[in-house]
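Quick notes on the structure that follows.
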Protein chains: 2
Amino acid sequence: MTETRGKPSARRADLVRIAAELFAERGYRATTVRHIGDAAGVLSGSLYHHFDSKETILDELLSSYLDELLTTYREIAGAEPVTALRGLVTEAFRSLGEHRAAITVLQNERTYLRSLPRFGYLTKADDEVRRIWTTVLRDGIEAGAFRADLDPAITYRFLRDSVWVAVRWFRQDGRLSPEELAEQYLKMILDGITA
Amino acid sequence: MTETRGKPSARRADLVRIAAELFAERGYRATTVRHIGDAAGVLSGSLYHHFDSKETILDELLSSYLDELLTTYREIAGAEPVTALRGLVTEAFRSLGEHRAAITVLQNERTYLRSLPRFGYLTKADDEVRRIWTTVLRDGIEAGAFRADLDPAITYRFLRDSVWVAVRWFRQDGRLSPEELAEQYLKMILDGITA
DNA sequence: CTCCCGCACCCAAGCGCTAGCTTGGTAGCC
DNA sequence: GGCTACCAAGCTAGCGCTTGGGTGCGGGAG
């Protein structure tokens with residue numbers, strides 16, 4: 001009963017999606033199992049037929065997002081630096097649409113979650129993402145595509161933060177599509193805002 | 001007794017600082033009054049001699065930061081666009097050092113806090129900050145200092161997020177001073193990262 | 001100088017409440 | 001008849017906060 005992994009029951013997936021919206025809106029810790037139950041139309045105790053803890057629900061949400069992101073990123077990373085950077089930024093915005101809830105939770109409660117043994121893989125994922133971006137930047141600087149006076153570490157943090165924090169105001173149904181938004185950002189990032 | 005304002009007792013100020021560090025590390029909601037008491041070397045109940053609620057501690061932290069920030073911003077806003085933008089960015093980084101805890105809490109729990117009646121002033125402050133930045137950007141675009149194809153609203157969010165979210169990794173004692181860091185950021189923001 | 005009172009500061013104990021989670025049982029479907 | 005999905009009821013731990021009382025110190029009256 002209550003397998004932590006596997007068993008991709010449709011109901012189980014539904015419940016993850018329902019909980020994800022609440023986690024994103026109110027925060028993971030501020031969302032109670034009774035909230036989740038109400039939103040799903042069941043009593044809070046009934047959730048424990050599907051999951052053995054509230055953490056398990058979050059785990060399923062986060063790990064599935066990170067798996068997909070890293071898979072896509074590994075493919076993009078091989079390309080020529082400017083193309084790769086455009087790809088990383090565009091993919092980040094695209095993922096904002098599909099995984100808004102997961103990204104929001106990660107943004108707002110990353111430091112807390114990393115203190116939980118169960119979510120140790122968050123640090124590993126962060127490290128790989130950082131490695132991919134900084135490699136692209138370093139290659140681009142060496143190849144003369146990016147400015148030579150850039151610090152790859154600072155530039156990475158600047159780009160990563162600028163893009164991902166957009167989850168706070170990004171809406172899937174907004175007036176700009178993820179691709180258009182990525183274009184606006186790339187315009188500023190690549191060429192600056194000076195006339 | 002237990003005046004919410006006034007009476008700037010030294011002990012009271014100490015307690016705010018102690019609580020601020022915990023709020024920043026573990027989050028406001030995840031920090032219990034017992035944690036604060038432990039860190040301060042008193043029992044949790046003793047905190048209520050100084051403050052009438054946990055919210056009051058946070059309020060004192062946030063409002064004092066916002067007061068200072070807005071005062072400085074109003075002065076900067078008058079200058080010529082590029083100078084003003086440089087000033088806004090530099091001041092933001094400078095405030096990261098002095099008000100790291102307050103900014104961290106605001107970044108991580110802004111949406112929750114805004115739902116509390118007591119913290120309605122956060123929305124007002126946000127509005128004024130937005131007004132100041134977008135005015136600078138709009139003036140700069142009209143004056144030909146910034147690119148004409150920029151959307152002021154998107155550009156503002158991009159800049160604001162990029163700078164403030166740096167609180168997640170910025171350390172007062174890091175290898176770069178706030179001013180040096182602001183220079184690095186301004187280099188990327190104004191002229192882009194392309195060679 | 002002494003006495004004592006008021007005040008700032010804190011302790012000890014516990015209240016009411018809600019959190020995540022458990023347990024035993026049941027309705028319906030293959 | 002077993003399996004999935006759920007209910008009804010309630011457990012324990014920990015939350016923010018209260019209450020009544022104690023301690024040391026500074027300052028005015030005698």
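A, B, ... follow the sequence lines: proteins, then strands. Residue 1 opens every chain.
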**OP:** Summarise how protein sits on nucleotides 12-30 of chain C as a single string, 5' to 3': B when a protein heavy atom is under 4.0 Å from the base, S for sugar-phosphate-only contact, - for no contact.
**Re:** B------BBBB--------
Name every donor-acceptor pair, under 3.5 Å, that has one atom in a side chain of residues 18-30 of chain B and the other anywhere in the protein, sequence neighbours excluded.
from	atom 1	to	atom 2	distance (Å)
Tyr28(B)	OH	Glu55(B)	N	3.4
Arg29(B)	NE	Glu109(B)	OE1	3.0
Arg29(B)	NH1	Arg26(A)	O	3.2
Arg29(B)	NH2	Glu109(B)	OE1	3.2

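- With rounding to whole Å, Leu116(B) atom CG is found 14 Å from dG16(D) atom P.
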Check residues 34-44 of chain A and write down every donor-acceptor pair under 3.5 Å in which the side-chain atom is one partner and the other belongs to a residue at least two apart or another chain.
from	atom 1	to	atom 2	distance (Å)
His35(A)	ND1	Thr32(A)	N	3.1
His35(A)	ND1	Thr32(A)	OG1	3.3

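- Of the possible polar contacts, one joining the Ser95(B) side chain to the Ala92(B) backbone as a donor-acceptor pair under 3.5 Å is found.
- Contact between the side-chain N/O atoms of His50(B) and the OP1/OP2 oxygens of dC10(C) is found at a separation under 4.0 Å.
- Rounded to whole Å, the distance from CG on Asp38(B) to P on dG16(D) is 12 Å.
- Thr83(A) meets the side chain to side chain donor-acceptor pair (under 3.5 Å) test with Glu80(A); sequence neighbours excluded.
- Between Phe51(A) atom CZ and dT4(D) atom P there is a gap of 15 Å when expressed in whole angstrom units.
- Between Ile189(A) and Thr194(B), every side-chain heavy-atom pair lies at or beyond the 4.5 Å cut-off.
- Remark: Arg94(B) engages Glu68(B), Glu91(B), Glu98(B), Glu179(B) in a side chain to side chain contact (heavy atoms under 4.5 Å, CB included) (not counting sequence neighbours).
- Against DNA chain C, the stretch residues 14-26 of chain A makes no heavy-atom approach under 4.0 Å.
- Counting any heavy atom pair closer than 4.0 Å across all strands shown, Gly41(B) reaches sugar-phosphate atoms only and no base atom.
- When all heavy atoms are compared, the tightest approach of Tyr185(B) to Ala166(B) is OH-CB, 4.1 Å.
- At a cut-off of 3.5 Å, with distance as the only test, no side-chain donor of Tyr121(B) or Asp126(B) sits close to an acceptor on the other residue.
- The separation between His49(B) atom NE2 and dC7(C) atom C1' is 8 Å, rounded to whole Å.
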